[in-house]
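Report on the structure given below.
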Amino acid sequence: MESEQLYHRGYCRNSYNSIASASSDEELLDGAGVIMDFHTTEDDNLLDGDAASPGSNYAMTNGGGAPSSSTHLLDFLEEPIPGVGTYDDFHTIDWVREKCKDRERHRKINSKKKESAWEFTKSLYDAWSGWLVVTLTGLASGALAGLIDIAADWMNDLKEGVCLSAMWFNHEQCCWTSNETTFAERDKCPQWKSWAELILGQAEGPGSYIMNYFMYIYWALSFAFLAVCLVKVFAPYACGSGIPEIKTILSGFIIRGYLGKWTLMIKTITLVLAVASGLSLGKEGPLVHVACCCGNIFSYLFPKYSKNEAKKREVLSAASAAGVSVAFGAPIGGVLFSLEEVSYYFPLKTLWRSFFAALVAAFVLRSINPFGNSRLVLFYVEYHTPWYLFELIPFILLGVFGGLWGAFFIRANIAWCRRRKLTRFGKYPVLEVILVAAVTAVVAFPNPYTRQNTSELIKELFTDCGPLESSQLCQYRSQMNGSRAFTDNPNRPAEPGVYSAMWQLCLALIFKIIMTIFTFGLKVPSGLFIPSMAIGAIAGRIVGIAMEQLAYYHHDWFLFKEWCEVGADCITPGLYAMVGAAACLGGVTRMTVSLVVIVFELTGGLEYIVPLMAAVMTSKWVGDAFGREGIYEAHIRLNGYPFLDAKEEFTHTTLARDVMRPRSSDPPLAVLTQDDLTVEELQGVINETSYNGFPVIVSKESQRLVGFALRRDITIAIENARRKQEGIMLNSRVYFTQHAPTLPADSPRPLKLRSILDMSPFTVTDHTPMEIVVDIFRKLGLRQCLVTHNGIVLGIITKKNILEHLEELKQHTEPPINDVRSVN
């Protein structure tokens, strides 16, 4: 899965090594840099794969090993064939074969470890390589996350001004050492200069406001333009959040270059630029992609993982846990996120290694301390007021809002992304990013709650009002002398500043909802966690302040009478913001357990688990009422990735014969006989078809199944035999049996291909319910399954066929007979 290619756009159907350079906006492909629609393409299909077209060159080197340099003639049948067992780009791995390869490698190491001290050392290295690779992944993830946090904060403040005493300080750091700050205006100090002060020499007035407005827009557009240009030119796979593609890769799909070195470098740089541009996006989702890039790169240092795609995905699962750990400062939540949301295969040892990777990443980030608050995240809060039973009503209402928002966002965003693909507007991603960034900057600047960084907004909304808070949301009136005061009692009459802030928050809520729909899916790194949490936090804070004032003015109501005594703590608006944030994020992603644990680790208190659980489950139920897909599953389906969701239930009564190919009106299934073909005839079958695999049968008369051979393996084996064996000619007999057939004395040397034959392909009978077939594909990670009747091969079912069938059933249509391309 190396990714030295800078312009990886996909691959050509006539070559296994297609690397195209980008020259226009329309070449910046959707999703992860490529659109794959399983209705029209055959990327994951074993029989309908993107193989070479007739007449193309079959010398395949993508993923294959180099030919042996030995000059003496080796027995071709006994040595491993270079390239056999590897995979082409945009194909699905064979989980069963990969696990068998790993077991064989493990047995070989164990059998040799007692032979010498060197072999024993190699066995120890192999045993500890898993822990070493997750340690390196955690170290790199934590370091990159700290770097991204520091750089994003500095560049975000650069839009408003600059620190003259130290250019590398952000606004807060610049005023730390100043002795001229006041309590009410703690961010104003002589060392920090706004752009109006630097250019016009004045800090107040209409001219100053216009200049700051202009510079804010200028920097926002500059950052956005630079980000999208870097992504377009150097690493198209660096766009988006990356989580849909990570889910697909972890399910066994190959997307070469998506987790490579260039993608890592460009995504790290452009993530900082995208966040600093002020777009309605977050860096938390892309941090999962960054961590998985680290895991993929480090896995190449260890043959145990570099040569086995299934083992490599165990490292990627641990890396995704490390990514969430540094994104939210939640190591346990990161492990649960990997288990619940992204991982397809998650054995117990992967759970331990994921936990360790998350621990190492969190430790490194804590050592860097990017926010200067000894915390892993900017919006860490602690509440000291308990919640009361009657508050479950507004908490559940926030869950309903989160579910409605999630369902609306998924439908609106998918509709816009689909429209982007189908219209000319989608051909100009640079222009689209500039337009969205311009609208965002122009509308965001007048409102202080949209102008500031989204993480800082969430921090302000989460934070409870106290003596040290100078926010407009905390402008309450003291009950004793009628003057403005900051006390520890949250139940106080609000001043006009609070109501003004609520109006601004309402406008910010509308703005965030609209802009997030159009921002997620742009060709820049864009996460969805923070915008969704911001929308929920705004709604929650508004509800919290409303409940607080209601409890103050109507403390004699039966709801408040028992718990809310005059002069006693009762309502915590920051808690409502936290619950709303969790509800909206849950409504969009449909996460449950991992989300509750993440938010719990953010607050550091077990006391609020029940409100969080109530809100998150309510948001999931409400969202599922409109559609069971989360945003990541929806984007997977939109891009046509071959992903079988384990959460999806199959309740239909179709049988294997209803889904298998070929259909009754199609030509017969293309098969190979075990000892009747010549090299020329075998090449003719390959040239005349585009299938990626062929059942091998005893003879045309019996049709009894012998095994299954992959097109790629056959082609590589023939080319390798021609290079290494003398006497292999076009009329050489090809046989898949153990012993060569009886041939005339003047016959050329036969070619034995038994070593590439899968002798135990998965088979089902034609009467097997599709419910069982789908479960087999999900749980075993199969690429194909042969359909037999009394041992005779009737057809084949591939992953693509199942995805097509599920899509047809979703649309409540009968499976078509002639509108699906035949597998023959």
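Counting begins at 1 with the first residue of the sequence.
The shortest non-hydrogen separation linking E284 to I530 is OE1-CG1, 2.7 Å. Contact record, S532 with V588: OG-CG2, 3.7 Å, taken as the closest heavy-atom pair. When all heavy atoms are compared, the tightest approach of N447 to Q504 is ND2-O, 3.0 Å. The minimum heavy-atom distance between S619 and G587, with the atom names listed, is OG-N, 3.7 Å. The minimum heavy-atom distance linking P236 with K232 is given by the pair CG-O, 4.2 Å. Taking each heavy atom of G142 and I368 in turn, the nearest pair found is O-CD1, 3.8 Å.
Judged by distance alone, with hydrogens and angles left aside, the side-chain atoms of N639 form a donor-acceptor pair with the main-chain N or O of H635 at under 3.5 Å. With hydrogens and angles ignored, the 3.5 Å screen pairs no side-chain donor or acceptor of T350 with any backbone N or O of F346. S317 contributes no side-chain N or O that, together with a main-chain N or O of S338, makes up a donor-acceptor pair within less than 3.5 Å. Between the W195 side chain and the L158 main chain, a donor and an acceptor come within less than 3.5 Å of each other. A donor-acceptor contact shorter than 3.5 Å links the side chain of N413 to the backbone of F520. A side-chain donor-acceptor contact under 3.5 Å links T450 to the backbone of A444. A donor-acceptor contact shorter than 3.5 Å is absent between the side chain of R353 and the backbone of V315. With hydrogens and angles ignored, the 3.5 Å screen pairs no side-chain donor or acceptor of T263 with any backbone N or O of L259. With hydrogens and angles ignored, the 3.5 Å screen pairs a side-chain donor or acceptor of S299 with a backbone N or O of N296. Between the side chain of D464 and the main chain of G574, no donor-acceptor pair closer than 3.5 Å is present.
Put simply, the residue from I513, I510, T454 that forms a side chain to side chain contact (heavy atoms under 4.5 Å, CB included) with I535 is I513. None of L287, L264, D149 except one satisfies the side chain to side chain contact (heavy atoms under 4.5 Å, CB included) rule with L144; the exception is L264.
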Take D157 and D153 through the side-chain contact (heavy atoms from CB on, under 4.5 Å) test and state the conclusion after the steps. CA-CA 6 Å; D157 287 343; D153 283 347; 5.5 Å; no
Verdict with reasoning, L281 to V524, per side-chain contact (heavy atoms from CB on, under 4.5 Å): CA-CA 10 Å; L281 49 82; V524 293; 4.2 Å; yes
Test side-chain contact (heavy atoms from CB on, under 4.5 Å) on V228 and L273; report intermediate values, then the result. CA-CA 9 Å; V228 70; L273 294 169; over 6 Å; no
Stepwise side-chain contact (heavy atoms from CB on, under 4.5 Å) test for L164 and L198: CA-CA 10 Å; L164 296 181; L198 289 174; 3.9 Å; yes
Trace of the ring pair (Phe, Tyr, Trp, His ring centres under 6.0 Å) decision for W219 with F223: CA-CA 6 Å; W219 284 112; F223 293 153; 5.6 Å; yes
Ring pair (Phe, Tyr, Trp, His ring centres under 6.0 Å) for Y209 and Y216? Distances and angles first, verdict last. CA-CA 10 Å; Y209 183 85; Y216 182 91; over 10 Å; no
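Relative ring orientation between W405 and F409 is described as tilted, the plane-to-plane angle lying within the 30° to 60° band.
At least one side-chain heavy atom of E160 sits under 4.5 Å from a side-chain heavy atom of R451. The closest side-chain heavy-atom distance from E341 to E633 is below 4.5 Å. Between R313 and Y344, the closest side-chain pair of non-hydrogen atoms is not below 4.5 Å. No side-chain heavy atom of V439 sits under 4.5 Å from any side-chain heavy atom of F518. Between V272 and K283 the shortest side-chain heavy-atom distance does not fall below 4.5 Å. Between R590 and I410 the shortest side-chain heavy-atom distance falls below 4.5 Å. Considering only heavy atoms from C-beta on, S241 comes within 4.5 Å of Y632 through its side chain. Taking 4.5 Å as the limit, some side-chain heavy atom of F445 sits within range of a side-chain heavy atom of N212.
L226 contributes atom CG, which lies 10.5 Å from atom OG of S277 (distance to the nearest 0.5 angstrom). Atom CZ of F234 and atom CD1 of I266 lie 6.0 Å apart (nearest 0.5 Å). The OH atom of Y258 sits 5.0 Å away from atom NZ of K267, with the distance rounded to the nearest 0.5 Å. Here S594 contributes atom OG and I332 contributes atom CD1; the two are 12.5 Å apart, rounded to the nearest 0.5 Å. Note that NE2 of H289 is 12.0 Å distant from OG of S320, once rounded to the nearest 0.5 Å. Rounded to the nearest 0.5 angstrom, L505 CG and E460 CD are separated by 8.0 Å.
Ring centroids of F337 and F328 are separated by 6.0 Å or more, keeping the two rings apart.
Residue-environment remark: CZ (F225) stays at or below the threshold of 12 foreign heavy atoms within 6.0 Å. A 6.0 Å sphere centred on CZ of F355 holds no more than 12 heavy atoms belonging to other residues, nucleotides or ligands. Remark: M265 CE is packed, more than 12 non-hydrogen atoms of other residues, nucleotides or ligands lying under 6.0 Å away.
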